[in-house]
Amino acid sequence: DRSGRFNLLSFIALRIRGIYYYLCRRRAAEWRIFMPGEKTSYNEPFDLIFAAKNIFFGFALTIVLLFIAAWISAAVALPRAVTCLIVNVITYICIGFCGFRGAKKSGNRGILNGALYGLCYTAVLFLTSCLARGGISFDSGSAVAAAICIGCGAAGGILGVNATSKKRRR
């Protein structure tokens, strides 16, 4: 049933947006969900359509870089530990890039925007791994990896806000 999935996705989107506004200390009167394609003002913090595109772009970049790393790893015959380290570093860099793009578009609250993009990326990655494994497995290593992912997104968000061009005052 397609309408059931849409209602679930819109409910999740509303919850994420509600948490974001709560963290930003917004008043309840300012809560507003934008329709797809509707332009947001500079002060509106989170565009869900851009967020979905940004997360998709981050996963596409991750897949391309992992493919290149796998090809190099097979050609050089790297040990398994080094290969796992390379996979983690590539994932963290791509999450930071998602946070960078999101915060640069927003223009403000870089640490919060970046952490939110890191959280969304991590949630999609966790759900995908649960589907691939056929069950939920969340241990202390997964919790540490999730915290690192959120931290990398926040770091990318800080860099993204500071990378915006600002006009100098004379």
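The chain is numbered in sequence order, starting from 1.
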(request) Would you confirm whether N113, through its side chain, and G102, through its main-chain N or O, come within 3.5 Å as a donor-acceptor pair? (result) no
(request) Please check if W71 and I63 belong to a single hydrophobic cluster, counting links between Ile, Leu, Val, Met, Phe, Trp and Tyr side chain heavy atoms closer than 4.5 Å. (result) no
(message) Within this structure, what is the SG-CD1 distance for the pair C120 and I95, rounded to the nearest 0.5 Å?
(response) 11.0 Å
(message) Is there a path of hydrophobic side-chain contacts, each under 4.5 Å between heavy atoms of I/L/V/M/F/W/Y residues, joining I93 to L85?
(response) yes
(message) Same cluster or not: I90 versus I68, using hydrophobic residues (I, L, V, M, F, W, Y) connected whenever any side-chain heavy atoms lie under 4.5 Å apart?
(response) yes
(request) List the atom of N54, the atom of C98, and the distance in Å for their closest heavy-atom pair. (result) ND2-O, 2.8 Å
(request) Look up atom CZ in F97 and atom CG in L159, then write down how far apart they are to the nearest 0.5 Å. (result) 12.0 Å
(message) Is the positively charged end of R101 above the ring of Y117, judged by distance under 6.0 angstrom from the centroid and angle within 45° of the axis?
(response) no
(message) Do Y121 and T62 pair up side chain to side chain, a donor and an acceptor below 3.5 Å, judged on atom types alone?
(response) yes
(request) Could you tell me whether the side chain of V82 reaches within less than 4.5 Å of the side chain of P79, counting heavy atoms only? (result) yes
(message) Hydrophobic cluster membership, with links at side-chain heavy-atom distances under 4.5 Å among I/L/V/M/F/W/Y: are L65 and F57 in one?
(response) yes
(request) Would you give the length of the straight line joining atom SG of C84 to atom CG of L78, rounded to the nearest 0.5 angstrom? (result) 11.0 Å
(message) F100: which residues meet the ring-ring contact (aromatic ring centres under 6.0 Å, His included) condition with it, sequence neighbours left out?
(response) none
(message) If you count heavy atoms of other groups shown closer than 6.0 angstrom to CD1 of I86, is the number above 12?
(response) yes
(request) Just do the side chain to side chain contact (heavy atoms under 4.5 Å, CB included) check on T128 and F59 with the steps written out, would you? (result) CA-CA 11 Å; T128 305; F59 273 106; 5.5 Å; no
(message) Same cluster or not: Y92 versus L61, using hydrophobic residues (I, L, V, M, F, W, Y) connected whenever any side-chain heavy atoms lie under 4.5 Å apart?
(response) no
(request) Measure across C94 and G58 and return the closest heavy-atom pair with its distance rounded to 0.1 Å. (result) CB-O, 4.0 Å
(message) Holding to side chain to side chain donor-acceptor pair (under 3.5 Å), I want the full list of residues that pass it with T83, two or more places apart in sequence or in another chain.
(response) S73
N/O donor to acceptor pairs below 3.5 angstrom from side-chain atoms of residues 146-158, sequence neighbours left out:
none

(request) Look at atom CZ of F56 and say whether more than 12 heavy atoms of other residues, nucleotides or ligands are closer to it than 6.0 Å. (result) no
